[in-house]
Amino acid sequence: MIQILDSTLREGEQTPGVYFSPETKLVIAQYLDRIGIDIIEVGNPAVDSDIALAISQIAHAGLKAKIGAHSLCRIDCVQKALDCDVDFLGIFFSVSPQRLYRDYNICLEKAIDKIVEVISYARTQKNDLLIRYTPEDTVRSPIENVIAATKAAVKAGANIISIADTTGYTNPFHPQRSIYYYVKTVKEELGKEGLYPQIEVHCHNDKGLAVANALDAYRAGADIIDVAVMGLGERAGIVDLAELLINLIDMDEEENFWQLSYLKDLYDFVSEQSHISIPPHQAVTGKNAFTHYAGVHVKAVAKDERLYQSLNPEILGIKSSVALGMQSGYAAVELAIKQIGREDLVRNKDLIAKILKEIKEISKRGTPIDIEKELPEIIERCTIKQLMT
Ligand code: HCA
Ligand code: CU
């Protein structure tokens with residue numbers, strides 16, 4: 001069964017301007033745990049003492065999820081993470097020629113020695129620690145380098161290998177530039193030596209393909225997929241938690257293992273704490289994700305919602321709704337009137353026509369009409385007009 005690693009607290013906090021206090025991090029971790037997330041990556045304790053405190057508090061909070069820290073490929077950093085009592089440790093070090101020669105200034109052999117040394121150290125410190133090794137920028141690294149480094153990492157004690165699309169480079173349509181290819185090849189090559197680590201994938205959204213690539217990796221046999229609430233992260237962020245889960249449960253072979261009804265509260269909380277609003281048309285979690293507007297649509301969904309919905313909002317604990325404005329027809333006005341408890345007016349066709357006319361006029365201001373607040377006022381004005389004619 002696929003596992004989900006949420007990195008809202010680590011990658012998500014790499015969104016410019018975002019800071020989650022240790023208290024906020026704990027609340028987010030509790031929501032993630034209730035949803036059924038398998039691994040929560042909290043952060044790199046070497047970055048700040050607040051992050052170390054948050055990791056330690058969450059690791060001792062009695063959650064079902066495994067709690068993880070992120071670490072540079074250095075023994076002092078690994079030790080800081082171990083001091084927080086984590087179940088999971090992610091160590092990253094790139095083996096792409098561009099990073100080796102233009103950034104780290106070492107050759108591949110030396111890099112592998114370092115990776116082996118640090119992973120071996122972590123393994124000797126904690127026997128049941130889940131150790132992930134990520135050759136950062138995996139998909140822009142020659143596959144031979146990736147295979148050499150990951151083989152050595154697993155032999156040194158890593159249980160998980162992550163294929164990172166650090167720059168959102170992959171595309172399911174390019175055979176050798178797809179995450180599918182990297183997942184399949186690493187699995188096959190390591191398998192030839194009797195090495196069977198779990199395969200994780202970390203997909204950035206630079207070209208808007210993060211979720212598509214994550215599903216491509218799943219198709220290739222990935223075991224763990226990284227996500228963040230609202231897809232937060234460096235630059236264009238990573239895979240959005242809600243979008244991924246909805247696609248996984250949509251596949252016939254995958255059952256719904258997650259408590260999706262907590263998503264809305266979690267997203268509202270993260271949006272508030274990050275000071276980043278959720279676009280209204282955002283898939284799954286946007287305010288309009290299940291709102292129907294144009295006349296033809298509303299008339300159809302009044303009969304059966306599935307005519308314009310491929311998802312059932314009830315699995316998210318929410319109901320679909322209608323919006324009112326220029327595009328509306330009679331069906332929308334009738335539904336909205338019922339929604340505010342004025343079924344008594346539905347048969348008054350002349351009044352409905354007046355209300356619709358006024359709604360269309362108001363919509364020209366270019367902001368949404370608040371049904372609960374504005375519709376009663378519109379009804380009152382139109383009722384007076386009707387009495388006067
Ligand atoms: C980073 C880069 C990273 C690391 C992923 C990992 C990436 O911010 O450190 O360690 O598995 O995208 O490669 O997020
Ligand atoms: Cu990343």
Side-chain angles (χ1 to χ4, degrees), residues 5-14 39-47 51 55 66-82 84 86-106 108 110-123 129-143 145-154 156-170 179 182-183 186 197-204 217 222 224-228 233-235 237-239:
L5 178 145
D6 184 278
S7 191
T8 310
L9 305 181
R10 195 281 293 174
E11 176 85 52
E13 211 182 36
Q14 289 176 225
I39 305 165
I40 302 174
E41 186 177 55
V42 185
N44 178 348
V47 171
I51 295 181
I55 300 171
K66 299 240 179 295
I67 305 305
H70 200 224
S71 171
L72 294 177
C73 189
R74 279 183 14 201
I75 287 182
D76 59 333
C77 294
V78 164
Q79 190 52 54
K80 282 206 169 89
L82 291 169
C84 299
V86 288
D87 313 297
F88 172 103
L89 177 63
I91 296 168
F92 63 105
F93 199 84
S94 180
V95 287
S96 73
Q98 54 272 27
R99 286 299 285 282
L100 290 175
Y101 303 114
R102 281 204 254 144
D103 188 6
Y104 308 151
N105 253 322
I106 54 171
L108 179 64
K110 283 256 154 46
I112 292 178
D113 287 348
K114 197 172 150 69
I115 293 160
V116 167
E117 183 201 349
V118 175
I119 292 176
S120 310
Y121 173 79
R123 176 53 66 226
L129 182 69
L130 277 174
I131 302 177
R132 176 189 71 200
Y133 164 62
T134 308
E136 197 190 5
D137 211 358
T138 321
V139 298
R140 290 193 309 166
S141 307
I143 191 80
N145 290 18
V146 171
I147 290 163
T150 54
K151 269 185 189 167
V154 176
N159 329 69
I160 304 170
I161 295 299
S162 185
I163 309 291
D165 186 6
T166 306
T167 64
Y169 169 78
T170 54
I179 201 144
Y182 273 79
V183 170
V186 169
Q198 293 201 295
I199 304 292
E200 180 171 330
V201 289
H202 181 88
C203 304
H204 273 266
I224 306 172
I225 299 176
D226 291 7
V227 299
E234 291 273 347
R235 306 180 312 284
I238 63 166
V239 174

Just to verify, what does Asn145 make a side-chain hydrogen bond (donor to acceptor under 3.5 Å, both in side chains) with, not counting sequence neighbours?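 If we apply the side-chain hydrogen bond (donor to acceptor under 3.5 Å, both in side chains) test to Asn145, skipping adjacent residues, there are no hits.
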
With sequence neighbours excluded, tell me which residues meet side-chain hydrogen bond (donor to acceptor under 3.5 Å, both in side chains) with Glu41.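 Expected list: Ser7, Arg10, Arg132.
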
With a 3.5 Å distance limit and no angle check, can you tell me whether His204 reaches the backbone of Thr167 through a side-chain donor-acceptor pair?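 Not confirmed, His204 side chain does not pair with Thr167 backbone.
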
Quick one: do Asp113 and Lys110 make a salt bridge, cutoff under 4.0 Å?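 Lys110 and Asp113: not salt-bridged.
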
Once side-chain contact (heavy atoms from CB on, under 4.5 Å) is applied, do any residues pair with Gln198, and if so which ones, sequence neighbours excluded?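 Per chain and number, Gln198 pairs via side-chain contact (heavy atoms from CB on, under 4.5 Å) with Gln3, Ile160, Asp223, Ile224.
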
His202-Glu11 side chain donor-acceptor pair, cut-off 3.5 Å: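 There is such a pair between these side chains.
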
Distance-only donor-acceptor check, side chains Ser94 and Asp137, under 3.5 Å: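 No pair is found: no donor N or O on one side chain lies under 3.5 Å from an acceptor on the other.
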
Identify, with sequence neighbours excluded, every residue that meets salt bridge (charged side-chain N to carboxylate O under 4.0 Å, His left out) alongside Arg123.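 Not a single residue meets the salt bridge (charged side-chain N to carboxylate O under 4.0 Å, His left out) criterion with Arg123.
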
Partners meeting salt bridge (charged side-chain N to carboxylate O under 4.0 Å, His left out) with Glu234 (sequence neighbours left out):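 Listed in chain order: nothing, the list is empty.
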
Approximate separation, where rounding is to 0.5 Å, of Arg235 CZ and Thr166 OG1: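 Between Arg235 CZ and Thr166 OG1, I get 8.0 Å after rounding to 0.5 Å.
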
Nearest 0.5 Å please: distance from the CD1 atom of Ile238 over to the SG atom of Cys203.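 Result: 8.5 Å between the selected atoms.
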
For Ile91 and Ile131, run side-chain contact (heavy atoms from CB on, under 4.5 Å): C-alpha distance rounded to whole Å, both residues' side-chain angles, the deciding distance at 0.1 Å, then the answer. CA-CA 8 Å; Ile91 296 168; Ile131 302 177; 4.2 Å; yes

Side chains of Ile115 and Val95, heavy atoms from C-beta outward: is any pair under 4.5 Å?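 In contact.
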
Could you work out, with ring pair (Phe, Tyr, Trp, His ring centres under 6.0 Å) as the rule, every residue matching Tyr104, not counting sequence neighbours?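 For Tyr104, the residues satisfying ring pair (Phe, Tyr, Trp, His ring centres under 6.0 Å) (neighbours in sequence not counted) are Phe93.
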
Thr170 and its side chain to side chain contact (heavy atoms under 4.5 Å, CB included) partner, picked from Val139, Thr138, Ile163, Val201: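 The single option meeting the side chain to side chain contact (heavy atoms under 4.5 Å, CB included) with Thr170 is Val139.
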
